[in-house]
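As structure tokens, the structure follows; a few thoughts come after it.
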Amino acid sequence: MKPGRVTVVVPTLAGDRRLTECLASLEGQTLPEVTVVVVDNSGCGRIHATGAARYRFRLIENKTNVGFGAAVNQGFRLAPAEYMAVLNDDAVADARWLEEMVKALDGSPRAGMAAGRIRLSGTGRLDSAGMLIAGDGSSKQRGHGTAGDGFSEAGEALLPSGCAAVYRREMLDEAGLFEEDFFLYCEDTDLGLRGRWAGWNCLYVPTAIVEHAYSQSSGAASARKAWFVERNRLRLAVRCLPLSSLLAAPFYATVRYFWHAAGLFTGQGKAAEFRTAGGSGLQLPWLVVKAHLDLLRSLPTLLRQRARIAATRKISAAEFKEVLKRHAITVREVAAL
């Protein structure tokens, strides 16, 4: 592979067998002129202890874990290209993944990003066919858990999952790269909404297929994940939601908390999954309080960021809300999935 139209950034913490499988899938891409950059966030040079060296990629080794968004940004700044692709280290791309994504984007100049069909490895089920958003700013994978051969028609998505996404550099130049302060989770939603505000569309390309070992790095329902998701949901809402939607977000969040609490009693949904994984039901309210305290401390900075994002807007709040409406999910569904 030689430098050219696409740079694929693969952040990694584990640097294990899954990474080598991921890199093997990138080595086999049918699209020419692809640069792969691996960003090692382990802080201990794990890449050298794996079989990854047999593949061709550029390597950035961080002394500490700088987070997902910062790692992706590092990789793209090292090797900028016409398109930036992001692939999780626990994901394996079909040989035509990049070719199908780039072909679709080439044919739609106002599309700034593309989402493929991401399947849950070894399950026959779907992980993501793009993302959906709820009234409180929570985002969820469209089609998660449904039959893997579903969502077979090309069309529009709200935004892509950061597990496997392609972004047009021109959109990134206008909207910016990933928000590094998020550290982990929701960066893809934040970037996608900023791109939408800047007037860019998102394509759904079902022929671009990726197999994903879901939440292998941080766990499917850990306290760490719950904290970052709630903290970053609040940050995203302040940064990106129209004012009327931002004012309504606490109501939707309260309803979502109710359904989480109900799930603890019924044994269903994300809150029940958290308890099954060893967490305490009483821990969840504390994480919510902690996230809101963080929001109060961060509010001046977030409001300045909101103003900068507003300066890039090329569509009206009404148009933006219509986009959100087309790709909406209820807070009850968020709590259940």
(request) Decide yes or no on side chain to side chain donor-acceptor pair (under 3.5 Å) for N201 and E156, but give the supporting numbers first. (result) CA-CA 8 Å; N201 300 322; E156 181 195 44; 6.0 Å; no
(request) Examine F251 and V331 and state if one hydrophobic cluster contains both, with Ile, Leu, Val, Met, Phe, Trp and Tyr joined whenever side-chain heavy atoms are less than 4.5 Å apart. (result) yes
(message) Using the rule side chain to side chain contact (heavy atoms under 4.5 Å, CB included), only one of L19, L23, N88 pairs with T12; which is it?
(response) L19
(message) Run the side chain to side chain donor-acceptor pair (under 3.5 Å) test on Y83 and R168 for me, step by step, so that the C-alpha distance in whole Å, both residues' side-chain angles and the decisive distance to 0.1 Å come before the verdict.
(response) CA-CA 5 Å; Y83 294 107; R168 190 186 300 272; 3.3 Å; yes
(message) For L105, is there any backbone N or O sitting under 3.5 Å from a side-chain donor or acceptor partner on S108?
(response) no
(message) Taking V92's backbone N and O only, do any of them form a donor-acceptor pair with S25's side chain (distance below 3.5 Å, no angle check)?
(response) no
(request) May I ask whether I60 and V66 are part of the same hydrophobic cluster, defined by side-chain heavy atoms of I, L, V, M, F, W, Y residues being less than 4.5 angstrom apart, directly or through others? (result) no
(request) Scan side-chain atoms only and decide if E99 and T30 contain a donor-acceptor pair under the 3.5 Å cut-off. (result) yes
(request) Would you confirm whether R196, through its side chain, and V323, through its main-chain N or O, come within 3.5 Å as a donor-acceptor pair? (result) no
(message) Using 30° and 60° as the class boundaries, would you call the ring planes of W197 and F320 parallel, tilted or perpendicular?
(response) parallel
(request) Would you please say whether a donor-acceptor pair under 3.5 Å links the side chains of E61 and N41? (result) no
(message) Donor-acceptor check, side chain of E174 to backbone of M171, threshold 3.5 angstrom: yes or no?
(response) no
(request) Evaluate the salt bridge (charged side-chain N to carboxylate O under 4.0 Å, His left out) criterion for residues D190 and R194: first the C-alpha distance (whole Å), next the side-chain angles of each, then the deciding distance (0.1 Å), finally the verdict. (result) CA-CA 6 Å; D190 180 85; R194 285 187 280 124; 2.8 Å; yes
(message) Would R142 and Y204 count as a cation-pi pair here, with the cationic atom under 6.0 angstrom from the ring centre and within 45° of the axis?
(response) yes
(request) Could you tell me whether the side chain of N62 and the main chain of T64 form a donor-acceptor pair under 3.5 Å? (result) no
(request) Report the relative orientation of the aromatic rings in F228 and F183; use parallel for angles under 30°, tilted for 30 to 60°, perpendicular for over 60°. (result) parallel
(message) Any side-chain to backbone donor/acceptor pair from T276 onto A272? Under 3.5 Å, distance only.
(response) yes
(message) Under 6.0 Å between ring centres: does that hold for F178 and F68?
(response) yes
(request) Please list all pairs passing the salt bridge (charged side-chain N to carboxylate O under 4.0 Å, His left out) test where one or both residues lie in residues 100-120, with sequence neighbours left out. (result) R5-D106, R96-E100, E100-K103, R119-E211
(message) I'd like to know if the side chain of S245 reaches the main chain of L241, judged simply by a donor and an acceptor atom lying under 3.5 Å from each other, with no hydrogens or angles considered.
(response) no
(request) Output yes when E187 and R233 qualify as a salt bridge under the 4.0 Å nitrogen-oxygen rule, no when they do not. (result) no
(message) Working to the nearest 0.5 angstrom, can you tell me the gap between I118 CD1 and L126 CG?
(response) 8.5 Å
(request) Determine, step by step, whether S128 and K140 satisfy the side chain to side chain donor-acceptor pair (under 3.5 Å) criterion, reporting the C-alpha distance in whole Å, the side-chain angles of both residues, the deciding distance to 0.1 Å, and the verdict. (result) CA-CA 9 Å; S128 169; K140 281 290 182 178; over 6 Å; no
(request) Mind checking the OG-CG spacing from S298 to L234? Nearest 0.5 Å is all I need. (result) 10.0 Å
(request) Please check if the side chain of R256 supplies one atom and the backbone of R332 the other of a donor-acceptor pair under 3.5 Å. (result) no
(message) Can a side-chain donor-acceptor contact be found between R304 and T301 if the only test is distance below 3.5 angstrom?
(response) yes
(message) Within the supplied structure, the quantity of interest is the number of heavy atoms (other residues, nucleotides, ligands) at a distance under 6.0 Å from F151 CZ; does it exceed 12?
(response) yes
(message) Is there a continuous path of hydrophobic side-chain contacts, each under 4.5 Å between heavy atoms, that joins V37 to L191?
(response) yes
(request) Indicate yes or no for a side-chain donor-acceptor contact from Q29 to the backbone of L98 under 3.5 Å, with no hydrogens or angles considered. (result) yes
(message) Under a 3.5 Å distance rule, please check whether R235 uses its side chain to pair with a backbone N or O of F182 as donor and acceptor.
(response) no
(request) For L282, look at atom CG and say whether over 12 heavy atoms of other residues, nucleotides or ligands are found less than 6.0 Å away. (result) no
